[in-house]
Enquirer: 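Encoded as structure tokens, here's the structure I'll be asking about.
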Amino acid sequence: MVQGEVHALLGENGSGKSTLIKILSGYHRPDPGSIVRIGDEELSFGNSSLSYAVGARFVHQDLGLVEAASILDNLAYGPGFPTRAGTIRTTTARLLAQQALERVDLHVDPETLVEALSPAQKTGVGVARALLSNDDVPVRILVLDEPTARLPEQEVNKLLDIVKTVAHEGIAVLYVSHRLDEIFEIAHNVTVLRDGQKVITRPVEGLTRDELLHHLLGSELEKTHRDSSKVQSTENPILRVSGIGNEVLNDVSFDVRPGEIVGIAGISGSGREALCGTIFGGRKRDVGEVFVADSVLTAGRPDLAIAAGVAYVPAERKLHGAFMDLSATENISISNLRDLWRGLAIRLKLERRMGQTWFDKLGVKPAQASAQMMSSFSGGNQQKIVFGKWFQRQPLLFLLDEPTQGVDVGAKAELHRTLFTAAENGASIVMSSGDVDELVSTCDRVLILRSGRIVAELSGKDLTPYAMSRAALGIEDSSNEGSVL
Amino acid sequence: MSNWTSHLGFDRFSGLYIWGIFILVFGLLQPSLFFSTSTLYSVAANKAVLALVALAILVPLVTGVYDLAVGATVNFVTITVVLLIKAEVNMWLSIVIGILCGSVIGFVNGFVVVKLRVNSFIATLGMASVIAATQVIITSNQQPLPPTMAEWPKLTQTKVFGFQIVFIYMLVIAFILWWFLTYTPAGRYMFAIGSSPDAARLTGIKVDYYTWLSLVLSGTIAGFAGVLYGSLTGPSLSFGGGLLLPAFAAVFLGSTQIRPGRFNVWGTILAIYVLATGVRGLQLMTDVQWLDQMFSGLALIGAVAVAVGRQRSADERKRKAMNAASIGGLSEKTLDKVANYDEHPHIAGESRLHLAEDDR
């Protein structure tokens, strides 16, 4: 990369983008023999202060700003306030903050509280802070990790302007994003990573979106997927979602029939992460109706949804999906205590047996540890335990958010198999995932969300990672029957 | 090292060993005074009310909620019952009204915490002050004399196998609470809420309902404690506040016993009597006045430090296991092996597997 260059770094989830950034920032140490040069200096790995010393600066997705404090304060937390005899020199601090903000072309009063800023302005403050230096180290390279992932559409351009201003100053910008549009707008060059390897580095000029997509997804565009012939299209749907909406979803409607596995795809911020939770009642639903096997689900009542035969596996296992300081068995039995209640007491022997049954069926390891604390299991095994809890209830409908997030490859396949079994036994499954390959290999059809709306539905032969990514990113194509906004 | 300690159940029953040491040491130093049955009976009875207050705190703590109003509640109920009896209301009716007062206070606490979404620490701290003020209003700040009727002290001071019956009452309530928390769905739900309210809601548990219920139970048990105190010791305008800290100390110390890492009934009771034995033994040797307070304070801080330390060393073990797995590329296998250490009591200090089985 050269001075003033905006270089885009692209890759699917797990392609190694974040690892690369973490190596640059000194968090990870690469294998011996690796060399990174910034300016004339070679970067010594594994120490964040050394990265700082050679002029590398980072703005992470989570900006790390203190919301309740002013811009001025946030800018001063790192380098420190200018002081005289231990007292903050207010005028100087204000002046420094103003200069920092002007550098990113942001015209706001430094005394403004960060929480009062728009998302793009906040990112701007994050950039301004990264560019601040209290010593003589010149900033050479700025790394932006998915700065637009949480920005609403109309804010994106403002952020891109900031990036342009920074690059104009002669600083090299490494720009990580999922949104192809932005890359065509601001990047000079693009590098694509796949499975930890560089696929290509080339100028953006003359590149088409389709070419870029091919580089991203690789040659394995055609994947075998599940045989969907068993789904009875004539049967009444188990799940009927009609016009639901809230702050992130907009008029979403679809049906799911018994035995069907329906995937939900979309880039982050598209509403994909919110859909399952909204149907279940874990998130607020402002409009629309949800029917499960002809009974109406009340908005915001998970307990009623469960009683109606719905199971929900949230994405954040540690926060929402499991009780980390209860035992594995208790995690399984918690939704099934009525089955264990005999004559004034929960029968602990039955409870143990219930836990052990799911340990055996789902192959949880260590196999004899069902009385151990949930937190002592690895991610994949924790997720199996969460599934065990719901399988015990034999639900009609599974709503799954990132069901195999943080799960190793072996356990992933096992979880998929158990889902197939559940579907064969007549359950309906809705699965939201950021892993395109997972959706292609497990789902009968996939609904693609963009800006809170369903913009396409893919099934059968049309269900490919390629088509899915195109629809999710909103790439126009006359041959695509899905409506494109 | 950890080999023999865990064989002796040291991590779970350290309290019992300390108790044994106290009895041995003080028994040798003060054989005639310490080994008298009167010492046993008086410690048992004197601490029964404190044990009930600790149990009152335990229930909301299981649900992840603090009830700092129990001290004030106990005091208020004692005064209320004594005043009612002196106003010639039937004794049993007065007792029922007194206990209901406790429930109502718990209900109001629940309303503030669940409906008004005030942090429980703040809510119950505020309520404690309100209750204390109400007590001043109804007593005009003059301590009532104990009722003269004979049945009133008999309620708690009747002897059963030498023990004053208040000790038996306490054991019965503890037993019921143990059953409730361990063997009923409601108890399990409370533990789940205490573990993660968000996960509990998404599992279909009525988080608000059970949080509220835990505070009502807390108030009700505090009501019992208030009635029993009035009968055992007589009315006092200010004793309740002094019970709060030792009760918290016992609950947290109890969470390092019997079922380490979890608030539990028998651990709490054990903690109360271990502390009481130590304090009584020392009191027989010196006559300083600060022992009780000093012990309670140190026990509270020490217990929480032990609990935090345990959690941190468990996290550290797991982190190292994960690291070893990812570096060696052995993933599952290595992980299993490391995780299995916990299954074998001769390898690891803390063993939940065996612990759960012994609970039957």
Side-chain angles (χ1 to χ4, degrees), chain A residues 277 280-282 301-307 310 312-314 316-331 333-335 337-338 340-341 344-349 351-352 365-381 386 389-390 408-411, chain B residues 179-189 191-209 259-262 307 311 314-315 317-318 321-322 325-326 331-344 348 350-360:
Chain A
F280 180 65
R301 287 293 297 270
D303 52 324
L304 297 180
I306 291 169
V310 184
Y312 175 58
V313 177
E316 295 275 347
R317 187 167 49 240
K318 282 188 182 149
L319 292 175
H320 305 137
F323 305 100
M324 300 310 283
D325 55 2
L326 299 188
S327 77
T329 297
E330 284 170 308
N331 266 281
S333 66
I334 191 77
S335 305
L337 290 171
R338 241 174 245 165
L340 303 169
W341 173 261
L344 288 181
I346 292 167
R347 298 290 153 172
L348 300 183
K349 212 182 245 171
E351 185 184 21
R352 255 206 320 276
K365 288 166 199 150
Q368 297 306 317
S370 59
Q372 298 239 356
M373 241 204 278
M374 192 67 168
S375 58
S376 73
F377 291 85
S378 70
N381 285 308
V386 171
K389 165 175 84 181
W390 293 116
D408 58 281
V409 184
Chain B
W179 163 81
F180 174 79
L181 289 175
T182 320
Y183 291 94
T184 69
R188 296 300 189 84
Y189 294 153
F191 275 108
I193 295 167
S195 172
S196 165
D198 286 334
R201 196 171 78 87
L202 294 177
T203 306
I205 297 170
K206 292 176 189 140
V207 175
D208 286 353
Y209 173 81
R259 296 205 70 171
R262 199 172 283 201
Q311 187 56 45
D315 289 349
R317 264 210 310 281
K318 196 189 171 206
M322 294 288 179
S326 64
S331 63
E332 287 275 305
K333 279 233 172 77
T334 322
L335 266 186
D336 283 1
K337 227 193 247 165
V338 182
N340 268 330
Y341 280 8
D342 280 0
E343 278 178 65
H344 301 295
E350 233 176 298
S351 168
R352 298 213 148 236
L353 183 67
H354 293 263
L355 184 159
E357 269 165 12
D358 291 348
D359 265 1
R360 306 299 87 89

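We name chains A, B, ... by the order of the sequence lines, and we start the count at 1 in each one. Computed from a predicted model, the values in this text were never measured in an experiment.
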Enquirer: Quick check on the interface: out of K389(A), R338(A), R347(A), who has the most heavy-atom pairs with chain B under 4.5 Å?
Expert: K389(A)

Enquirer: I'd like to know if the side chain of W179(B) and the backbone of L344(A) have a donor-acceptor N/O pair within less than 3.5 Å.
Expert: yes

Enquirer: Between A305(A) and chain B, which part of the residue has a heavy atom less than 4.5 Å away: side chain, backbone, both or neither?
Expert: neither

Enquirer: Suppose we screen for ring-ring contact (aromatic ring centres under 6.0 Å, His included). Which residues come up paired with Y312(A), at least two apart in sequence or across chains?
Expert: F280(A)

Enquirer: Given 3.5 Å as the limit, does a donor-acceptor pair link the side chain of D325(A) with the main chain of S195(B), or not?
Expert: no

Enquirer: Go through the atoms of L319(A) and report whether side chain, backbone, both or neither lie under 4.5 Å from a heavy atom of chain B.
Expert: backbone

Enquirer: Let me know if E316(A) has heavy atoms under 4.5 Å from chain B in its side chain, its backbone, both or neither.
Expert: neither

Enquirer: Could you pull out all residues at least two apart from D208(B) that satisfy salt bridge (Lys or Arg N to Asp or Glu O under 4.0 Å)?
Expert: R117(B)

Enquirer: Looking only at heavy atoms and a cut-off of under 4.5 Å, which of M324(A), E330(A), R317(A) has the most pairs with chain B?
Expert: E330(A)

Enquirer: Measure distances from I346(A) to the heavy atoms of chain B and classify the residue's part below 4.5 Å as side chain, backbone, both or neither.
Expert: both

Enquirer: Would you say the side chain of L340(A) lies within less than 4.5 Å of the side chain of S333(A), judging by non-hydrogen atoms?
Expert: yes

